[in-house]
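Computed from heavy atoms alone, side chains included, the values below leave out hydrogens, waters and symmetry copies. Worth saying up front: this structure is predicted, and the values here are computed from it rather than measured.
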Amino acid sequence: MKPVRITLTVNGIKRELDVMPNESLLHVLRDRLHIISVKGNCFRGECGICTVLMNGRPVKSCQVLAPEADGSEIVTLEGLVKNGEPSLVQKAFLEEFGYQCGFCTSAFVLLGEWIINNIPNPTEEQIKEVLNAVVCRCTGYQQIIKAIMKAAQWKREGKS
Amino acid sequence: MSVGNTRKESAVVLWREYFPRYEYFKVSSLEEALKLKAEYGENAYIGAGFTCLTRRMRAGKIFPKYIIDIKGVEELKKIESNGDEIFIGSAVTFHELKANSLIAEHLPALRDAALGYGDLELSYRATIGGNIGNASPQADSAAPLLVYRARVVLKSLSGERELPLEEFIVGVNKTAIKPDEIITGFRIPHPPAGSKSGYLKFKRSAEDRAVVGIAALVANIKEPSQRTVRLAYVSIAKTPVYLREAEEIFKKDEPINKLINEAVEAAQSKYDMPVGKRGIDLRATKEYRLHLIKIGTKALLKKLIEGVEVL
C-alpha cells in the first residue's frame with residue numbers, strides 16, 4: 001500500500017496531500033487538515049454527522065475513500081464564513097436556536113445550505129425529506145426546520 | 001484449545017474506524033476494469049458509491065486487497081431504451097433513477113424503490129449495480145427488477161453473458177458472478193402495454209433498509225385469461241423472492257379479493273428470513289413480517305387495480 005497524491009480544493013483553498021488509500025475523506029479532513037467541524041460518529045453512513053459538500057452535493061465523508069475525492073471541491077462549515085461574516089443559514093440557525101449541544105449542527109447547516117441553493121421555495125415536507133440524512137440526538141428538529149425556512153425566505157428577499 | 005483466528009468465533013464484532021489495507025484503482029474505461037478484475041479475481045472489489053463496501057469493511061466482514069472504482073466509466077452510467085428493452089448501467093445512482101424520465105414513464109416501481117431508498121446523501125452515491133451485487137435480502141431495487149423480469153448483464157474479458165435476476169442472486173450476499181466478471185447493467189423488457197406497477201416499502205426510519213418490500217405489476221385485470229399479475233418481495237427470505245405462483249393464481253376466474261388472499265398465503269409460505277448469530281432478527285419478528293406481507297400486498301394491489309390508497 002503506497003501513499004497516493006491527491007488534490008483537494010477545501011473551502012476555496014487548493015491543497016495537495018499524500019494520503020493512504022485506506023483513509024476516508026473524514027480522516028483526511030479532520031486528522032490531516034484539522035478541520036474539526038467535520039466529526040466522525042457512527043462510521044456506518046447512518047447518522048450523517050460527517051456530512052460535507054462535495055462538488056456541491058452533500059455526502060457522508062466517512063463513506064468516501066480518500067483517493068476517490070481526488071480533484072473534488074469540498075466545502076465544510078468553516079467555508080461558509082465569508083470575510084468573517086456568517087452565511088444566511090448560519091445566521092438563521094442563531095436566530096431560531098437551531099442547535100442544542102451543537103454536535104450535529106455543522107451537518108445540518110451544510111444541508112440547509114444545499115436546500116437554499118437548490119430548492120428556491122422549500123416546503124416543510126421537502127426540508128424534512130432532506131434532513132432525513134442527519135440525526136440530531138437532542139431531537140431539536142423543529143427549530144432546525146424553522147431556521148432553514150427562514151434562511152430560504154431571506155435568500156428570496158435578497159438579504160445577504 | 002486453538003488460538004488462531006478468534007474473530008469469527010467472538011460474539012462481539014469490533015467496528016473499525018479504519019479500513020483494511022488495499023490498493024485503489026480508479027478506472028476510466030470498462031476495458032481497464034475488466035483487465036484488473038481478470039488479474040486479481042476475487043480479491044478485487046468493484047465499487048462506485050462505496051456506501052455498502054465501506055460498511056462491510058469496517059464491520060470486518062470483507063477484506064479487499066484491491067478496490068476498483070468504476071464511477072468514471074461513462075458507459076456504465078447510461079439509461080437508454082432501444083425499442084423493446086431498457087438498459088440501466090450498473091453505476092447509475094439512485095438519485096439518477098429518481099430523476100430519469102425514462103424510468104418514471106416505463107418503470108414506475110423502480111422509481112418508487114429509488115424514492116424510498118435511504119436518504120438524499122446515500123442516493124447521491126449508492127448505485128443499482130451495488131444494490132444487486134451485494135445480494136442483500138433487503139435490496140430495494142431487486143423487487144421491481146424481478147417483476148419487470150430484468151436480466152443481469154455480466155462482462156468479462158472473454159465475453160458477455162446474461163442471467164435472469166432470479167438465478168443471479170443465490171443467497172445472502174452470494175451471487176452467481178464469476179471472479180473475473182463485472183456487472184455492467186440490467187436489461188429490462190418493456191412492461192406489457194397498459195400495465196401498472198408499484199413498490200411498497202415498510203421501514204423503520206428514513207435511512208433504513210426494508211422491513212418488508214413488495215413490488216407488483218398488473219395488466220388486463222378485467223379479463224381473467226389475459227390477466228397478468230406479478231409479485232415480488234424483499235426482506236422475507238434469504239434472497240429476494242419472485243412469487244411465481246401468483247401468475248397462475250390470478251388466471252383463475254374468481255373474485256379478485258379471493259385471489260389476492262390466495263396470493264398472500266403463497267407469499268407468506270415463502271418466509272425464510274435468516275436470523276443473526278444470537279438467534280434474533282433485528283428488524284422484525286416473523287409474525288410482524290407475515291402481517292406486513294398481508295396488509296402490504298392487499299394495499300399495493302388495491303392501489304394498482306382500483307386506484308384506492310389504503311395505507
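Scanning both residues, A/S24 and B/F19, for their nearest heavy atoms gives CB-CE1, 3.8 Å. Here the shortest heavy-atom pairing between B/E121 and A/A133 reads OE2-CB, 3.5 Å. Here the closest non-hydrogen pair linking A/N22 and B/P20 is CB-O, 3.2 Å. Closest non-hydrogen pair, B/Y22 versus A/P21, comes out as OH-O, 2.8 Å.
Other residues, nucleotides and ligands contribute only 12 or fewer heavy atoms inside 6.0 Å of the CZ atom of B/R111. Counting heavy-atom neighbours within 6.0 Å of B/R21 CZ, excluding the residue itself, gives a total of 12 or less. Other residues, nucleotides and ligands contribute only 12 or fewer heavy atoms inside 6.0 Å of the CD atom of A/E73. Atom NZ of B/K65 sits in a sparse spot, with 12 or fewer heavy atoms from other residues, nucleotides or ligands closer than 6.0 Å. Residue A/I36 qualifies as open at atom CD1: its count of foreign heavy atoms under 6.0 Å is 12 or below. Around atom NZ of A/K159, more than 12 heavy atoms belonging to other residues, nucleotides or ligands sit under 6.0 Å away. Shown here is B/R204, whose CZ atom has more than 12 heavy atoms of other residues, nucleotides or ligands within 6.0 Å.
With a 4.5 angstrom heavy-atom cutoff, A/V64 touches chain B via backbone and side-chain atoms both. Proximity to chain B is limited to the backbone of A/C42, based on heavy atoms less than 4.5 angstrom apart.
Screening residues 59-70 of chain A for side chain to side chain donor-acceptor pair (under 3.5 Å), with sequence neighbours left out, gives A/K60-B/D119, A/E68-B/K71, A/E68-B/R125.
The side-chain hydrogen bond (donor to acceptor under 3.5 Å, both in side chains) search around B/N134 returns B/R56, not counting sequence neighbours.
The interface of residues 37-54 of chain B with chain A, defined by heavy-atom distances below 4.5 Å, comprises B/A48, B/G49, B/F50, B/T51, B/T54. Contacts of residues 85-123 of chain A with chain B at a heavy-atom distance below 4.5 Å involve A/L111, A/W114, listed in sequence order.
Taken from NZ in B/K26 to CG in A/L65, the straight-line distance is 9.5 Å, to the nearest 0.5 Å. The CZ atom of A/F43 sits 6.0 Å away from atom CZ of B/R58, with the distance rounded to the nearest 0.5 Å.
Top candidate by heavy-atom pairs under 4.5 Å with chain B, chosen from A/E129, A/R44, A/M1, is A/R44.
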